[in-house]
Amino acid sequence: MIDWLSFLTVLVVAIVSASVIVFLFSVGLRLVAVEGGWHRPVGVVSFVLCALLILFGVYLIIPGLH
């Protein structure tokens, strides 16, 4: 029997995390493309957060890393 609550939880977490990663990447692209004093460092921070979220997802998927 399928545990629908667990399935729904995985679905919601996957959609939210994918949306956050895409949002951070697009904000990073937007800020790096703009000329200005504070835009480029904030864009780089956005890229770093995006990469950290991706690495955390890989860590959760691969059981050998735990």
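Being a predicted model, the structure only gives us computed values, none of them experimental.
Linking Ile, Leu, Val, Met, Phe, Trp and Tyr residues whenever their side-chain heavy atoms come within less than 4.5 Å places Leu60 and Ile62 in a single cluster. Under a hydrophobic clustering in which Ile, Leu, Val, Met, Phe, Trp and Tyr are joined whenever their side-chain heavy atoms come within less than 4.5 Å, directly or via other members, Phe23 and Leu31 fall into the same cluster. Hydrophobic clustering (ILVMFWY, side-chain heavy atoms < 4.5 Å, transitive): Val32 and Trp38 are in distinct clusters. Val16 and Leu53 fall within a single hydrophobic cluster, where Ile, Leu, Val, Met, Phe, Trp and Tyr are joined by side-chain heavy atoms under 4.5 Å apart, directly or via other members. Under the 4.5 Å side-chain contact rule for hydrophobic residues, Val48 and Val20 do not share a cluster.
Within the 3.5 Å criterion, the main-chain N or O of Arg30 finds no donor-acceptor partner in the side chain of His39.
Between Ile54 and Cys50, the closest side-chain pair of non-hydrogen atoms falls below 4.5 Å. Side-chain contact check for Leu24 versus Phe47: every heavy-atom pair is 4.5 Å or farther apart.
For the pair Ser46 and Gly28, the tightest heavy-atom approach, listed with the atom from each and the gap, is OG-N, 3.5 Å.
Summarising the geometry, atom CG belonging to Leu11 is positioned 10.5 Å from atom CH2 belonging to Trp4; distances are rounded to the nearest 0.5 Å. Arg40 CZ to Glu35 CD: the interatomic distance, rounded to the nearest 0.5 Å, is 6.5 Å. If you take CZ on Phe56 and CD1 on Ile61, they are separated by 11.0 Å, rounding to the nearest 0.5 Å.
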